[in-house]
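Please read all numbers here as calculations on a predicted model, not as lab measurements.
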Amino acid sequence: MSTTRRTFLKGTAATAAALTAPAIIGKAMAADKIKLVSILDQSGGLDIYGKPMVAATKMAVAEINASGGLLGREVDLKMYDPQSSIQYYTQYATQAAASDRADVVHAGITSASREAIRPTLDRFQTLYFYNTQYEGGVCDRNVFCTGSTPAHTVEKLVPHAMKKWGKKVYILAADYNYGQIIADWVEKFVRDEGGETVATEFFPLDVTNFGPTIQKIQAAKPDMIWSALVGGAHISFYRQYAAAGMHKNIPLASTTYGVGNEHQLMSAEEGNGILTAYSYFQEIDTPANKAFVKRFQEANGGAAAPYLNELAVRSYEGVMLWAQAVRDAGSVERMKVIEALEAPVKIDAPSGTIAIEPTTHHETLNTYIAELKDKQFEVQETFLAQEPTDTMQVCDLKANPDTVKFYFENGLEAAGIK
């Protein structure tokens, strides 16, 4: 097969151009990628939450790219580990927005981390997804909160537990804004059901000795304990409570137990009977969820894969909600994506059908009450398509799109909720 002089010269010129400008080609390809930055704790005391969230985020991006990316472009995932440090959260949020020029940031576990980075991402006008169950009350057009709020979980679990166990409740909570505000919500819903809060105690995240508190519980003789304890150190409470034999006499309800996979770290005997409420459990018996769990386990070491909890699945679903909005908008431009999300975006997901509630930028989602038995959650009751009515009481971004506020920062009473 002969080669003409003109063909040869064309081929030689093209090859030379490619060899002399690889950096230019590389930059062009990199610039064409859609940039998603994740900031989640992979070390420190909050890594019990962060590691499954990281795995689920990676899986979501991998699935998007395997299906052709978004708008014909690859999604480039960059991950930072803030090491359970607010200082690093602030640093990495600035880096994501100013240096990485992220199209979207999915970040934060504690409410403190969210409030540390939210102003930075607002200032740089970088779209922000907070994929964690939390206390409600964020009202900010730049932010989408995909996790369950007290209206989804606490409001459902309080009457269920009181009907089962009684009306005298002793509250234990982590000593920062999440725990303090959740305690307010528990007290409100207990009061609404005609019950009584006999005591409320708050604990810094590094507390591991709960002996004095267990003695106080023994003296108070409540009908049940409500736990809003958070982090690796607070697992000590459940073990010490069981060691004292208290779990057999005064039962436990919680909307934090299990999202750090505590039930997998403790013995079955220590955890049996604890009641929880979330928007997702790995044990949800639907074809879509079974297929999702199978894919996740295959991608994460099979039997060694972490248990899938609400925080992990909210991370996966948060990325998928954003991806669908990008498709609907035909763009990654921030305001176009926001408007698409507000349309609203609605997808069928492992936890069920979920949708953005456009006035608050929170989710309408399913709620499940479950009881722990032999390290597995058995769903007892299901509530479909629940709206974030707590935040809807204070936030209306359709009427007031310039609102940038965390309404519950100073408690429910300050927000006009009693």
Side-chain angles (χ1 to χ4, degrees), residues 48 153-175 179 182-183 185-187 189-191 193-205 207-278 281-283 307 309-310 367-382:
I48 62 171
T153 56
V154 179
E155 187 176 17
K156 307 299 186 299
L157 185 54
V158 164
H160 183 101
M162 288 175 65
K163 183 178 180 181
K164 183 172 183 176
W165 294 328
K167 295 188 174 183
K168 293 174 63 179
V169 182
Y170 198 115
I171 301 171
L172 309 176
D175 193 13
I182 288 297
W185 281 113
V186 175
E187 289 181 14
F189 293 133
V190 167
R191 188 167 59 247
E193 292 296 316
E196 174 191 2
T197 300
V198 297
T200 301
E201 285 194 68
F202 298 101
F203 303 89
L205 293 179
V207 167
T208 59
N209 179 16
F210 291 90
T213 294
I214 291 171
Q215 292 177 359
K216 292 177 186 177
I217 293 169
Q218 290 171 326
K221 297 180 180 178
D223 294 317
M224 66 172 174
I225 302 299
W226 185 284
S227 170
L229 298 172
V230 172
H234 285 181
I235 295 175
S236 301
F237 167 75
Y238 302 101
R239 288 180 166 146
Q240 292 168 29
Y241 195 73
M246 295 290 291
H247 65 312
K248 296 178 180 178
N249 301 314
I250 303 175
L252 285 156
S254 177
T255 49
T256 55
Y257 183 89
V259 291
N261 292 348
E262 294 91 341
H263 63 300
Q264 298 295 304
L265 301 173
M266 294 166 53
S267 70
E269 199 276 335
E270 288 172 325
N272 279 346
I274 294 177
L275 279 178
T276 59
Y278 298 113
F281 289 96
Q282 181 171 293
E283 294 83 0
Y307 175 89
N309 54 48
E310 163 157 343
T367 297
Y368 304 92
I369 293 177
E371 182 177 343
L372 186 61
K373 294 183 179 179
D374 298 327
K375 294 193 172 188
Q376 299 294 312
F377 285 107
E378 295 186 1
V379 175
Q380 309 287 307
E381 199 170 356
T382 300

What's the verdict on side-chain contact (heavy atoms from CB on, under 4.5 Å) for Y170 and K216, showing C-alpha distance, side-chain angles and the deciding distance? CA-CA 10 Å; Y170 198 115; K216 292 177 186 177; 3.4 Å; yes

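- Of the inter-residue distances, the one linking L157 atom CG with S254 atom OG reads 8.5 Å to the nearest 0.5 angstrom.
- Looking at every heavy atom in both residues, A161 comes nearest to M224 through CB-SD, 3.6 Å.
- Considering all non-hydrogen atoms of both residues, D223 and P251 come closest at O-CD, 3.3 Å.
- Closest of all the heavy-atom pairs between E187 and I171 is CG-CD1, 3.6 Å.
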Give the intermediate values and the outcome of side-chain contact (heavy atoms from CB on, under 4.5 Å) for residues Q240 and N209. CA-CA 8 Å; Q240 292 168 29; N209 179 16; 4.2 Å; yes

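- Atom NZ of K164 is surrounded by more than 12 heavy atoms from other residues, nucleotides or ligands within 6.0 Å.
- The line from CG of L229 to OH of Y257 is 12.0 Å long, rounded to the nearest 0.5 Å.
- Once rounded to the nearest 0.5 Å, the distance linking CG of N261 with CD1 of I235 reads 9.5 Å.
- Under the ring-ring contact (aromatic ring centres under 6.0 Å, His included) criterion, H263 pairs with Y307, F377, sequence neighbours left out.
- Across Q264 and K375, no two heavy atoms sit closer than the pair NE2-O, 3.1 Å.
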From CA spacing to verdict: side-chain contact (heavy atoms from CB on, under 4.5 Å), T276, F281: CA-CA 10 Å; T276 59; F281 289 96; 3.3 Å; yes

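- The six-membered or imidazole ring of F203 lies near that of F210, with a centre-to-centre distance under 6.0 Å.
- To the nearest 0.5 angstrom, Q218 atom CD is 7.5 Å from I250 atom CD1.
- In this structure a side-chain-to-backbone donor-acceptor pair under 3.5 Å is missing from E269 to S267.
- At distances below 3.5 Å, at least one donor-acceptor pair connects side-chain atoms of Q380 with backbone N or O atoms of E378.
- With values rounded to the nearest 0.5 angstrom, T255 atom OG1 is found 6.0 Å from Y278 atom OH.
- Under 4.0 Å is where a charged nitrogen must lie from a carboxylate oxygen, and between K156 and E381 no such pair does.
- Side chain of H160 to backbone of E155: no donor-acceptor contact under 3.5 angstrom is found.
- Of all heavy-atom pairs between I217 and Y241, the closest is CD1-CE1, 4.2 Å.
- Under the rule for a side chain to side chain donor-acceptor pair (under 3.5 Å), Q282 has no partner lying at least two apart in sequence or in another chain.
- Note that CE of M266 and CG of L372 are 8.5 Å apart. Values are rounded to the nearest 0.5 Å.
- Smallest separation of non-hydrogen atoms from V198 and A220: CG2-CB, 4.5 Å.
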R239 vs L265, test: side-chain contact (heavy atoms from CB on, under 4.5 Å). Steps then yes/no. CA-CA 10 Å; R239 288 180 166 146; L265 301 173; 4.1 Å; yes

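- Residues that satisfy the salt bridge (Lys or Arg N to Asp or Glu O under 4.0 Å) test with K167, not counting sequence neighbours, are absent from this structure.
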